[in-house]
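Quick caveat: nothing in here was measured; it's all calculated off a predicted structure. Just the heavy atoms: all of them, side chains too, but no hydrogens, waters or symmetry mates, feed the values below.
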Amino acid sequence: MEVAMVCTRVNLLILILSLCSPYKFIQSPMDFGPLNLLPTTTTASSDFGRILFHSPSAVLKPQAPRDISLLLSFLSASPLGKVTVAARGAGHSIHGQAQALDGIVVEMSSLPSEIEFYRRGEGDVSYADVGGGIMWIELLEQSLKLGLAPRSWTDYLYLTIGGTLSNAGISGQTFKHGPQISNVLQLEVVTGRGEIVTCSPTKDAELFNAVLGGLGQFGIITRARILLQEAPQKVKWVRAFYDDFATFTKDQELLVSMPVLVDYVEGFIVLNEQSLHSSSIAFPTNVDFNPDFGTKNNPKIYYCIEFAVHDYQNKNINVEQVVEVISRQMSHITSHLYSVEVSYFDFLNRVRMEEMSLRNSGLWEVHHPWLNMFVPRAGISDFRDLLMDSISPDNFEGLILIYPLLRHKWDTNTSVVLPDSGSTDQVMYAVGILRSANPDDGCSHHCLQELLLRHRRLAGAAASGLGAKQYLAHHPTPAGWRRHFGRRWERFADRKARFDPRCILGPGQGIFPRDSSSSNGAFASYS
């Protein structure tokens, strides 16, 4: 055993030397003891955003958390080099957050696809123990076989468990159950030091809270215990249209004030015919809404609320009556409320249909200069004005989401950053500017850079003037990140010093650039 460990350490030392060399030694799969390292791949140097393409020196496909632990333990203890490590799930990031330039990318999908379920007894809870590299769609498919499902979701399900928990994980259920990070009972984490730790709110709670929403800075999530609830058989899915922004947000806030009746609330801006059509692809009923969008110089903007009510067919609840009770209190455009009943699976997987439509049209693998923000309730109207000043409604391609969240559903002990609340107002808004930029339609490099610049200006104005914060944030400098965290920066930096003092993890975020000249990594410069 001791001889094997010595051999492993010698092999890892060779690995470090090869990675620190200006030449790429890893040109084919190499067996460094128990670690099977592969040469870089196109997948490892790209993501959904298709904006940055940073190539790693090697790719690790771990067969167990111990493989990740072995790698990080050696890198953390080694005085040589400046090798960094990024965990890659489904690669759905926008700005290269899961990339590691000249470092090592860990392909989380290589971990065992194990899901273990615990069904509650009386007075207990149901949960699933899930590998960090498993996608939410896989958990949904397996849990529904038992009549169970997670409580909180993202709109798109082909994302990994570890990936969304490293950010927050939000969708239309968040107002009711909180983000996905509020629905986790336990984690298994490999820290930047290489330690494998099982943590929870009552055991190693500092690590547990640090990793949730921690942007991959403190550890790699290799397993998670996800809270489950009884799954409904069907969902009543409702859409209502508006021509006034204040009425639109007022009705959204009405809906989130009724969590006993309503199970899901989102909304989006209808800018043009294209946005109306694309948002209707997954909604399986005829929407007879043909508004006048005005002219280029005088556009007319519309809004749509969608909400859903779960239909537990084994319970004596008339869902049609529930929807009627809700809709009578709303102030949408007369005769423009539409509803349809779908299976619970189809409702949760609705974005997949839109994805397949875009893939068939060759519009999926294009640039995605997205911007996501959390906006205080008091500033949402002003944000809408800033947004409209930064886009051209007639040629905008993509979707703009706007929907309310409730602060008390978020645990402020986690690492996620929310807007500061200057009052007791519990409502804030999630805004997603989910834009596409197709090179084949003329959006070249210059066009893409212009869109990114507009988003940076919008985000900057919203942050300084309205107190908004980026979600799935991207800041080009460490100083920008310090401003982003604000008064939470000291806690975030302290957690980095404790769990990843060599600044090995999450280099693609650009929060703690690593300085190899310091024996303590670069951390002393940022603490």
Would you check if the distance from the ring center of F347 to the ring center of Y264 is below 6.0 Å? yes
Looking at L358, is its backbone amide N or carbonyl O close enough to the side chain of S361 to form a donor-acceptor pair, meaning the two atoms are under 3.5 Å apart? no
Listed once per pair and sorted, the salt bridge (Lys or Arg N to Asp or Glu O under 4.0 Å) pairs that draw on residues 455-472, sequence neighbours left out: none
Sequence neighbours left out, what passes salt bridge (charged side-chain N to carboxylate O under 4.0 Å, His left out) with D251? Give chain and number order. none
Taking 4.0 angstrom as the limit, do R435 and E397 come out as a salt bridge? no
Charged tip of R488 within 45° of F492 ring normal and under 6.0 Å: no
Looking at every heavy atom in both V416 and A168, which two are closest together, and how far apart are they? CG2-CB, 4.2 Å
Give the minimum heavy-atom separation between I391 and L271, together with the two atoms involved. CD1-CD1, 3.8 Å
Got a sec, which pairs hit salt bridge (Lys or Arg N to Asp or Glu O under 4.0 Å) with one end in residues 126-145, sequence neighbours left out? D129-R225
CZ on R384 to CD1 on I400, rounded to 0.5 Å: 10.0 Å
Can you check whether V323 reaches K236 side chain to side chain, under 4.5 Å on heavy atoms? yes
Hey, are the side chains of L165 and L187 touching, using non-hydrogen atoms and a 4.5 Å cut-off? yes
Give a yes or no on whether the backbone of Q313 and the side-chain of Q233 come within a donor-acceptor separation of less than 3.5 Å. yes
Run through H92, E355, R350 and flag the one making a side chain to side chain donor-acceptor pair (under 3.5 Å) with Y156. E355
Hits for salt bridge (charged side-chain N to carboxylate O under 4.0 Å, His left out) against E253, two or more places apart or cross-chain, chain-then-number order -> R377
For the residue pair F283 and T285, establish whether any side-chain heavy-atom pair is separated by less than 4.5 Å. yes
If we only count heavy atoms from C-beta on, is the I281 to M356 side-chain gap below 4.5 Å? no
Contact list for residues 429-463, test ring pair (Phe, Tyr, Trp, His ring centres under 6.0 Å), sequence neighbours left out: none
Just checking W153 against F345, ring centres under 6.0 Å apart? no
Side-chain heavy-atom pair V184, L227 within 4.5 angstrom cut-off: no
By salt bridge (charged side-chain N to carboxylate O under 4.0 Å, His left out), E306 pairs with (sequence neighbours left out) R239
Worked verdict on K234 versus Y344 for side-chain contact (heavy atoms from CB on, under 4.5 Å): CA-CA 5 Å; K234 294 185 178 296; Y344 186 54; over 6 Å; no
Would you say N438's side chain and D440's backbone share a donor-acceptor pair under 3.5 angstrom? yes
Would you sort out whether S280 and H277 count as a side-chain contact (heavy atoms from CB on, under 4.5 Å), showing the intermediate values? CA-CA 5 Å; S280 300; H277 170 72; 5.8 Å; no
Tell me yes or no: between the side chains of Q229 and S126, is some donor less than 3.5 Å from an acceptor? no
Does any part of the side chain of N372, heavy atoms only, come nearer than 4.5 Å to the side chain of V431, both counted from C-beta? no
Rounded distance [0.5 Å steps], CE in M428 versus CG in L406: 8.5 Å
Between the side chain of Q217 and the main-chain N/O of L215, is any donor-acceptor distance below 3.5 Å? yes
Determine whether V417 and F374 make a side-chain contact, defined as any pair of heavy atoms from C-beta on separated by less than 4.5 Å. no
Please report the closest heavy-atom contact between S166 and G216, naming both atoms and the distance. CB-N, 4.1 Å
Between S182 (side chain) and K409 (backbone), is there a donor-acceptor pair under 3.5 Å? yes
Would you say the side-chain atoms of R407 pair up with the backbone N or O of P419, donor to acceptor, closer than 3.5 Å? yes
Compare every heavy atom of F268 with every heavy atom of L401, then report the nearest pair and how far apart it is. CD2-CB, 4.1 Å
Carefully, step by step, assess H332 and F241 under the rule ring pair (Phe, Tyr, Trp, His ring centres under 6.0 Å). CA-CA 6 Å; H332 54 83; F241 289 90; 9.5 Å; no
Taking N183 for the side chain and P179 for the main chain, is one N or O donor matched with an acceptor at less than 3.5 Å? yes
Going by the rule side-chain hydrogen bond (donor to acceptor under 3.5 Å, both in side chains), which residues pair with Y338 if we only count those two or more places apart in sequence or in a different chain? H336
Rounded to the nearest 0.5 Å, what separates atom CG in D389 from atom CG in L458? 9.5 Å
Contacts of R50 that satisfy salt bridge (charged side-chain N to carboxylate O under 4.0 Å, His left out) - sequence neighbours left out: none
Without hydrogens or angle criteria, can the side chains of D288 and N286 be said to hold a donor-acceptor pair below 3.5 Å? no
Checking H368 now: which residues fulfil ring-ring contact (aromatic ring centres under 6.0 Å, His included) with it, not counting sequence neighbours? F48, W370
Taking N272 for its side chain and P393 for its backbone only, find out whether a donor-acceptor pair lies under 3.5 Å. yes
Heavy-atom pair of closest approach, residues I181 and L212: O-CD1, 3.7 Å
Considering residues at least two apart in sequence or located in another chain, which fulfil the side-chain contact (heavy atoms from CB on, under 4.5 Å) criterion with K300? D292, Y302
Would you check if there is a donor-acceptor pair between the side chains of D155 and S171 at a distance under 3.5 Å? yes
How would you list, by chain and number, every residue that makes a side-chain contact (heavy atoms from CB on, under 4.5 Å) with H54, sequence neighbours excluded? L52, Q99, L101
State the CZ-OG distance between R88 and S109, to the nearest 0.5 angstrom. 8.0 Å
Which residues pass the side-chain contact (heavy atoms from CB on, under 4.5 Å) test with T247, not counting sequence neighbours? Y242, D244, S331
What is the ring orientation for W481 with H484, classed by angle as parallel under 30°, tilted 30 to 60°, or perpendicular over 60°? perpendicular
Main-chain N/O of G294 paired to N298 side chain as donor or acceptor, under 3.5 Å: no
Any donor-acceptor pair under 3.5 Å linking the side chain of T174 with the backbone of I170? no
Quick one: do the Q180 and T164 side chains pair a donor with an acceptor below 3.5 Å? yes
Considering all heavy atoms of both residues, which atom of L405 and which atom of A430 are nearest to each other, and what is their separation? CD1-CB, 3.9 Å
Quick check on side-chain contact (heavy atoms from CB on, under 4.5 Å): which of L387, L466, V375 does D382 satisfy it with? L466
Determine whether D263 and F307 satisfy the following criterion, side-chain contact (heavy atoms from CB on, under 4.5 Å), listing intermediate values before the conclusion. CA-CA 7 Å; D263 296 291; F307 70 93; over 6 Å; no
I'd like to check L472 versus I94 (side-chain heavy atoms, cut-off strictly below 4.5 Å). Are they in contact? no
